[in-house]
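Heads up, the thing below is written out as structure tokens.
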2 protein chains.
Amino acid sequence: MANIKSVAQKAGVNVSTVSRYVAGKLNVKKETREKIDAAIAELGYRPHATAKALKTSVTNCIGIVIPTIRNPLFADIVAGLTQRLEANKFTTMLYSTENHLSKEKEGIGTLLAGRVDGLVVVGSSGKTGSRDWLEEVKDIIPLVVVNRCWQNGDFNRVITDFTAGSRLAADYLVGKGYRRFAVITGYKDNEESQLKLYGFEQELWQRGIMLGQDMVAEGFFSYDKAYHAARKLLGYRPEAVFAASDLMAAAVLKATKDCGLVVPEDMAVIGYGDSQISQITTPALTTVAQHAVESGAAAANLLIEVMKEPGPAREVIMRTELVVRQST
Amino acid sequence: MANIKSVAQKAGVNVSTVSRYVAGKLNVKKETREKIDAAIAELGYRPHATAKALKTSVTNCIGIVIPTIRNPLFADIVAGLTQRLEANKFTTMLYSTENHLSKEKEGIGTLLAGRVDGLVVVGSSGKTGSRDWLEEVKDIIPLVVVNRCWQNGDFNRVITDFTAGSRLAADYLVGKGYRRFAVITGYKDNEESQLKLYGFEQELWQRGIMLGQDMVAEGFFSYDKAYHAARKLLGYRPEAVFAASDLMAAAVLKATKDCGLVVPEDMAVIGYGDSQISQITTPALTTVAQHAVESGAAAANLLIEVMKEPGPAREVIMRTELVVRQST
DNA sequence: TTGTAAGCGTTATCAT
DNA sequence: ATGATAACGCTTACAA
């Protein structure tokens, strides 16, 4: 590959002149410019980003760590991130932990080795959390966490107000006259799942309604697992089921149908996410919208801001909304 | 940040010794090893990947260019890619063109600047194609293209046999006794869409069945657009509708229902992809499975192979299968 | 306006 | 088994 030296040689000038010209500094004679342009074109020269990064300590690259790209929610967050970052001339390095929190440390480690200017870590920590580890990281490199709410150090963060979203759902259902509820959560130990459950219970409690312990089951954010959980819960004859994701709500619809019940006449179902799934089911799902793409974009903007001028930790809260369709 | 020099200093040895030890070369005395280990731990030293890349010309990083991560199909391909690449100690740089083919050149350009050891370009080229551009790229860097079938230079490629998949669908439907068909394609100019349509037509033709021109409509891989297309097509009373994606097939189901027809009794619907969507709809969709995750994994393996020993272009064909559910 | 030269953090060759 | 040093491709004072 052609390098700056060969360009300089061919153009008959010094490397520093080429460097300055390529960088856009304008104190270079027209005649020289033309010679350099010609040399660049002829050699197919392309500045070597790695060398530049080594010299300047700026990589123009941001690391993103996610649990899995196959969850549409995370895909949306990544989409929001890459859009904003690419628009700001950053490239992105993606590391997927495949839902193994233990791989998070490894992933961050590889990204950290002088490869990126900043880091975005997406997704819930587990029960144990990786708090101590991230605590170190944020001293090494600008860091933004997304939807990791338990992390109570002062991190720059974008969080969705999952609790408020669940309260919207509960409020709406109670207002509709339902009194006997069941909930399908994600993972018992997962913070996002817990916050969603917590908000729902809290709102019910304020309305003087109790949610029986038998009425909560884990669905593991999986269609099949949620289906089985739903079959069990339906035995207790709830009037309405709240699922922590649209995918699991879709499973509830299926279970309901297989039990010979009709939604919404015999039972109401409400999902979470307002993903494409919620439009596709029959009946279409009432759901809590959580603006995943915008969360990603907000995280990108926050990180860029933080890299420009560091300071005390900043926080962005993403609001949720209720989207009413035909399942309630 | 601590560098190799500071470690060497603290350990009281030369940088080259540290370098050798860290690289795992074993000609280093136990005593020295311990001193170095202590220094590394104390300083929190982490080898600088960028500097190493500059020196060795290997980045251990692979570039991935995709149209958009929000399409579950591409997300699956990326998942397959990152799994295999991470397992082989590669990091991945992701560039998303947001469905603008024109951005592909820009994206590849940024990745090319000494940032990556190899490149995977995913997705159809448009009518015009970016063939000439990629033709240059493959001389610069190891390249694998995925599902870009029109590209007729000798590229390393992983392609899904879309045509064969469509033929499976047509064969099955004709066997079931259907004779009057409608098709919802993606984009008219998109090769994947065209191949899917082509296979379907071809199989019908061999069975002596004609597909009227009015019976084909663009759905743009969008739920809403496909819904409108379906409403129009239903006016011509097809006995079965073949959609080029599950999402669009779901839209057909909706349109059918809104027209007061029942699937599969009044009309059959068949999708493409075997994505999660196909299990969720009511009735669940019969669909052509296309193994997206495996395509990504195959592309990763192919690229690794090509980087190890270059040679004539290799090709991997991914087969398709029919998955029969309740919509036919 | 252009040239000289040091240095970013590594690795690798050659001595010792 | 270890040390000295050049080099990777670039940027950036500083000098001319």
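Each chain gets a letter, A, B and so on, in the order its sequence line appears, and its residues count up from 1.
Contact record, Thr97(B) with Val65(B): CG2-CG1, 3.9 Å, taken as the closest heavy-atom pair. Minimum interatomic distance between Phe155(A) and Leu134(A) (heavy atoms only, all atoms of both residues): CE2-O, 3.6 Å.
Taking 4.0 Å as the cutoff to heavy atoms of chain A, we find the contact window on DNA chain C bounded by dT1(C) to dG9(C).
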Would you tabulate the pairs of protein nitrogen or oxygen atoms and nucleotide nitrogen or oxygen atoms of nucleotides 9-12 of chain D closer than 3.5 angstrom?
unit_1	atom_1	unit_2	atom_2	d
dG9(D)	N2	Ala51(A)	O	3.4
dC10(D)	OP1	Tyr45(A)	OH	2.7
dC10(D)	OP1	His48(A)	N	3.0
dC10(D)	OP2	Ile4(A)	N	2.3
dT11(D)	OP2	Ser19(A)	OG	2.8
dT11(D)	O2	Lys55(A)	NZ	3.4

Inset, instruction - Would you sort out whether Glu305(B) and Arg314(B) count as a salt bridge (Lys or Arg N to Asp or Glu O under 4.0 Å), showing the intermediate values? - result: CA-CA 10 Å; Glu305(B) 211 179 286; Arg314(B) 273 158 269 199; 3.0 Å; yes
Inset, instruction - Could you go through the side chain to side chain contact (heavy atoms under 4.5 Å, CB included) check for Glu294(B) and Asp76(B) one step at a time? - result: CA-CA 8 Å; Glu294(B) 292 79 0; Asp76(B) 283 354; over 6 Å; no
Legend entry - Chi angles and distances behind the side chain to side chain contact (heavy atoms under 4.5 Å, CB included) call for Arg70(B), Val293(A): CA-CA 10 Å; Arg70(B) 299 190 70 190; Val293(A) 178; 3.6 Å; yes
Inset, instruction - Go through the steps for Lys103(A) and Glu86(B) under the test salt bridge (Lys or Arg N to Asp or Glu O under 4.0 Å), then give the verdict. - result: CA-CA 11 Å; Lys103(A) 286 188 70 186; Glu86(B) 283 176 18; 3.5 Å; yes
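One N or O on the side chain of Arg115(B) and one on the backbone of Thr110(B) form a donor-acceptor pair closer than 3.5 Å. The backbone N or O of Ala53(B) lies less than 3.5 Å from no partner atom in the side chain of Thr59(B), so there is not a single donor-acceptor pair.
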Inset, instruction - Dot-bracket for DNA chain D, please, read 5' to 3', with Watson-Crick or G-U wobble pairs under 3.5 Å on both distances, ( ) within the strand, [ ] crossing, | other strand, . unpaired. - result: ||||||||||||||||
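In this structure, CD1 on Ile62(A) lies 9.5 Å from CG on Asn88(A), to the nearest 0.5 angstrom.
Residues Val158(A) and Asn147(A) form no side-chain contact, since every pair of their non-hydrogen atoms from C-beta on lies 4.5 Å or further apart.
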